[in-house]
Q: 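Submitted below is the structure of interest, expressed as structure tokens.
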Amino acid sequence: MAHQRVDSRPLRLGVDYGTSRSKLVITDYGAVDGDRSFLVRPQCADGDEYLIPSTVCATKDSLRFGFSAEALADEGTPYRSLKMLCAYPDKFYGDREPLPTGLNARDLATLYVGHLIALGRQAAERYATRFGATASVSITLGVPMAQLDDKRLHPMFVRIARVAFELGNHLDLEDTVSIADASHALASARTEVDARPPPTNPRDWVRSEAEAALFWAHRSPDIEHGRYACVDVGAGTTSASWFHISAMRSGGVLVNDRLSFYGAACAPPACDAVGRVIARHVNDVNSLADVRGYEDKLRDSLPDQGHAELDRVLSQIARVFAHASTSAFEKEQSFRRWRRIGRVFLLGGGTKLDAVRSRLLLEKAEWLKSDAVADAGLPADLSEEDGSELLDDPSFMLVAYGLARRLGDVPDVFAPGQIEPYTPKPPVRDRISWEDLYSD
């Protein structure tokens, strides 16, 4: 009896690993009507939630992840902001807890990314089955652009992505796992990855969050070529960059063809620091978890000392944007080219806070047009898994959407380090003698 042939469906999973919440988007490269992307709403979520808590919870001998970790946080030890603990351990604003025996912050972060990939694979298989196919999944993990220039952080995140992807062959990370099994699976996955040659192009695995977030802005017919800024205020870090969308003429019309980043900066603080100030000064608030989502409301209850401390944090957040602006101007020191150009794409949950938003727009305001905040809108090919229209705020999905693209489909991207500094020479005037000036 002949076996029915089952096709393989090529799917790309974009993993937006956030400090407090993570997002997943899948692009289908086999759709009959062209490439199509859809938001992943994990089946383990409460209702239709897609913002996955970036939490790992440890009990005596087991680990839980995401929604399950948050649901049982009171029964174990929750670890939040692990991405920050890996990247900036000396500037960690989260709640510090003793780590499980035999596991460090990087181990927990890798296991959590493995959990995100497991959720993505589950959604991919569910989706592909509708077409009588199996899912062939590849992934891209997002990190801040400034961290890609960091000789310590860049290889660390590439290895986290590769090991987390390999973990699926050693461990079921969709739900609870024992600490012993997790430790053994990590060791096995790392051995497998280290035995392979390094990736030819690390951007196959890890890509800049700023680049990914601007993928739709680059493709959108509503965003013209020119120079813009992008500021992403997350839980742990603030990322800012200045970029230029270049255009080329094709068939008689201008078509956007590449992104050039003139300056980028990424550093603490961000929302965790805002929440820490509020938790320290407002009664009946004991942790960051009690503050998250209520920052604007609780800010009114701060005493004068708390307002002064919060103002210092807001100034530090704005300083990251200022640093990116300064580094961008150093690449092209021409006031004419920077005069009244560009708008700002505001991304991340932190930019939803009134205090953060207003302080960011105040920074470098003389560079910005009157309509300073740019909205990239909802990508035309991003939908729910069943193809229905998305009704959620698209600004939270744009990073995962851009990451859910194969490297060959994204525009040419030039990082700040690839752009040579440019200082225009002052105009040279010919010397005129008095004889020339008054002669006939």
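Note that these values count all heavy atoms, side chains included, but never hydrogens, waters or copies made by symmetry.
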Q: Can you confirm whether Asn201 is buried at CG, in the sense that more than 12 heavy atoms of other residues, nucleotides or ligands lie under 6.0 Å from that atom?
A: yes

Q: I want to check something: taking the side chain as every heavy atom from C-beta on, are Arg405 and Asp35 in contact at a cut-off of under 4.5 Å?
A: yes

Q: What distance do Glu385 atom CD and Arg36 atom CZ have between them, rounded to the nearest 0.5 Å?
A: 10.0 Å

Q: I'd like a table of donor-acceptor pairs (distance under 3.5 Å, sequence neighbours excluded) in which one partner is a side-chain atom from residues 410-417, with atom names and distances.
A:
none

Q: Side chains of Leu153 and Pro144: closer than 4.5 Å at any heavy-atom pair?
A: no

Q: For a quick test of reading the model, state the closest non-hydrogen atom pair linking Leu99 to Ala105 and the distance between them.
A: CD1-N, 3.6 Å

Q: Grab the two heavy atoms, one from Ala69 and one from Thr55, that are nearest each other, plus how far apart they are.
A: CB-O, 3.5 Å

Q: Do Arg80 and Glu70 make a side-chain contact, defined as non-hydrogen atoms from C-beta onward lying under 4.5 Å apart?
A: yes

Q: If you measure from CH2 on Trp216 to CG on Leu378, what distance do you get to the nearest 0.5 Å?
A: 8.0 Å

Q: Tell me if a side-chain donor or acceptor on Ser62 pairs with a main-chain N or O of Thr59 at a distance below 3.5 Å.
A: no

Q: What's the shortest heavy-atom distance between Leu39 and Leu390, and which atoms?
A: CD2-CD2, 3.9 Å

Q: Answer yes or no: is there a donor N or O on one side and an acceptor on the other, between the side chain of His218 and the main chain of Ile245, under 3.5 Å?
A: no

Q: Is the number of heavy atoms from other residues, nucleotides or ligands within 6.0 Å of CD (Gln305) greater than 12?
A: no

Q: So which heavy atom on Val277 is nearest to which on Leu310, and how close?
A: CG1-N, 3.9 Å

Q: Evaluate the criterion side-chain contact (heavy atoms from CB on, under 4.5 Å) for residue pair Arg159 and Val163; output intermediate values, then yes/no.
A: CA-CA 6 Å; Arg159 192 159 191 254; Val163 172; 4.0 Å; yes

Q: Residues in ring pair (Phe, Tyr, Trp, His ring centres under 6.0 Å) with Tyr262, at least two apart?
A: none

Q: Hey, mind stepping through Asp16 and Tyr401 against side-chain hydrogen bond (donor to acceptor under 3.5 Å, both in side chains) and telling me if it holds?
A: CA-CA 9 Å; Asp16 179 8; Tyr401 168 76; over 6 Å; no

Q: Any non-hydrogen side-chain atom of Phe165 less than 4.5 Å from a side-chain atom of Trp205?
A: yes

Q: Would the number of heavy atoms belonging to other residues, nucleotides or ligands and lying under 6.0 Å from CD of Gln418 be above 12?
A: yes

Q: Check whether more than 12 heavy atoms from other residues, nucleotides or ligands sit under 6.0 Å from atom OH of Tyr294, and answer yes or no.
A: no

Q: Going by heavy atoms in the side chains, are Val25 and Leu382 under 4.5 Å from each other?
A: yes

Q: Check side chain to side chain contact (heavy atoms under 4.5 Å, CB included) between Ser20 and all other residues, then give those that pass, not counting sequence neighbours.
A: Ala235, Arg292

Q: Applying the side chain to side chain contact (heavy atoms under 4.5 Å, CB included) criterion to Phe65, which one of Asp175, Ile52, Val177 satisfies it?
A: Val177

Q: Is Arg406 positioned over the aromatic face of Tyr29, cation under 6.0 angstrom from the ring centre and no more than 45 degrees off axis?
A: yes

Q: Testing Asp48, Asp392, Asp386 for salt bridge (charged side-chain N to carboxylate O under 4.0 Å, His left out) with Arg41, which one passes?
A: Asp392

Q: Side chains of Tyr228 and Leu214: does their closest heavy-atom pair fall under 4.5 Å?
A: no

Q: Mind checking ring pair (Phe, Tyr, Trp, His ring centres under 6.0 Å) for Phe157 and listing every partner two or more places apart, or none if nothing turns up?
A: none

Q: Would you check, one step at a time, whether the test side-chain contact (heavy atoms from CB on, under 4.5 Å) holds for Ile26 with Tyr127?
A: CA-CA 10 Å; Ile26 291 175; Tyr127 174 83; 5.8 Å; no

Q: Strictly distance-based, threshold 3.5 Å: is any side-chain N or O of Thr27 a donor or acceptor partner for the main-chain N or O of Ala404?
A: yes

Q: For the residue pair Trp242 and Phe321, categorise the inter-ring angle as parallel (less than 30°), tilted (30 to 60°) or perpendicular (more than 60°).
A: parallel

Q: How about NE2 on His154, more than 12 heavy atoms from neighbouring residues, nucleotides or ligands closer than 6.0 Å, or not?
A: yes

Q: Do side-chain atoms of Ser81 reach the backbone of Met84 as a donor and acceptor pair under 3.5 angstrom?
A: no

Q: Rounded to the nearest 0.5 Å, how far does CD of Glu309 lie from NE2 of His281?
A: 4.0 Å

Q: Got a second to check how far Arg9's CZ is from Thr129's OG1, nearest 0.5 Å?
A: 11.0 Å

Q: CG/Leu63 to CD1/Ile179 distance, rounded to the nearest 0.5 angstrom?
A: 4.5 Å

Q: Donor-acceptor pair, distance only, cut-off 3.5 Å: does the side chain of Glu295 make one with the backbone of Gly293?
A: yes

Q: Is there a side-chain contact (heavy atoms from CB on, under 4.5 Å) between Arg207 and Leu407? Walk through the geometry before answering.
A: CA-CA 9 Å; Arg207 216 170 292 155; Leu407 186 56; 4.0 Å; yes

Q: Is a side-chain donor or acceptor of Arg12 paired with a backbone partner of Ile139 at a separation under 3.5 angstrom?
A: yes

Q: Only distances under 3.5 Å count here; give the side-chain donor-acceptor pairs of residues 113-124 to other protein atoms, sequence neighbours excluded, each with its distance to 0.1 Å.
A:
from, atom 1, to, atom 2, distance (Å)
His115, ND1, Leu173, O, 2.6
Gln122, NE2, Glu174, OE1, 2.9

Q: Output, in order, the C-alpha distance, side-chain angles, deciding distance and verdict of salt bridge (Lys or Arg N to Asp or Glu O under 4.0 Å) for Arg190 and Glu166.
A: CA-CA 8 Å; Arg190 283 171 175 154; Glu166 177 64 29; over 6 Å; no

Q: Does Glu224, at its CD atom, have more than 12 non-hydrogen atoms belonging to other residues, nucleotides or ligands within less than 6.0 Å?
A: no

Q: Charged N to carboxylate O below 4.0 Å: is that the case for Arg227 and Glu332?
A: yes

Q: On a heavy-atom basis, which atom in Arg258 and which in Ser260 lie closest, and how many Å separate them?
A: NE-OG, 4.0 Å

Q: For Asp232 and Gly348, which heavy atoms make the closest approach, and how far apart are they?
A: OD1-CA, 3.4 Å

Q: Roughly how far apart are Ile278 CD1 and Arg276 CZ, rounded to 0.5 Å?
A: 11.5 Å

Q: Ion pair present between Asp272 and Lys83, side-chain N to carboxylate O less than 4.0 angstrom?
A: no

Q: Do Leu85 and Arg96 have side chains that get closer than 4.5 Å, going by heavy atoms?
A: yes

Q: Donor-acceptor check, side chain of Arg357 to backbone of Leu346, threshold 3.5 angstrom: yes or no?
A: no

Q: Is it true that a side-chain atom of Ser54 and a backbone atom of Gly18 form a donor plus acceptor pair closer than 3.5 Å?
A: yes

Q: Could you tell me whether the side chain of Ser327 and the main chain of Ala324 form a donor-acceptor pair under 3.5 Å?
A: yes

Q: Answer yes or no: is there a side-chain heavy-atom contact under 4.5 Å between Pro269 and Ile317?
A: yes

Q: Please report, to 0.1 Å, the donor-acceptor pairs under 3.5 Å made by any side chain of residues 393-400, with sequence neighbours excluded.
A:
from, atom 1, to, atom 2, distance (Å)
Asp393, OD1, Ser395, N, 3.0
Asp393, OD1, Ser395, OG, 2.9
Asp393, OD2, Lys352, NZ, 2.8
Asp393, OD2, Ser395, OG, 3.1
Ser395, OG, Lys352, NZ, 3.1

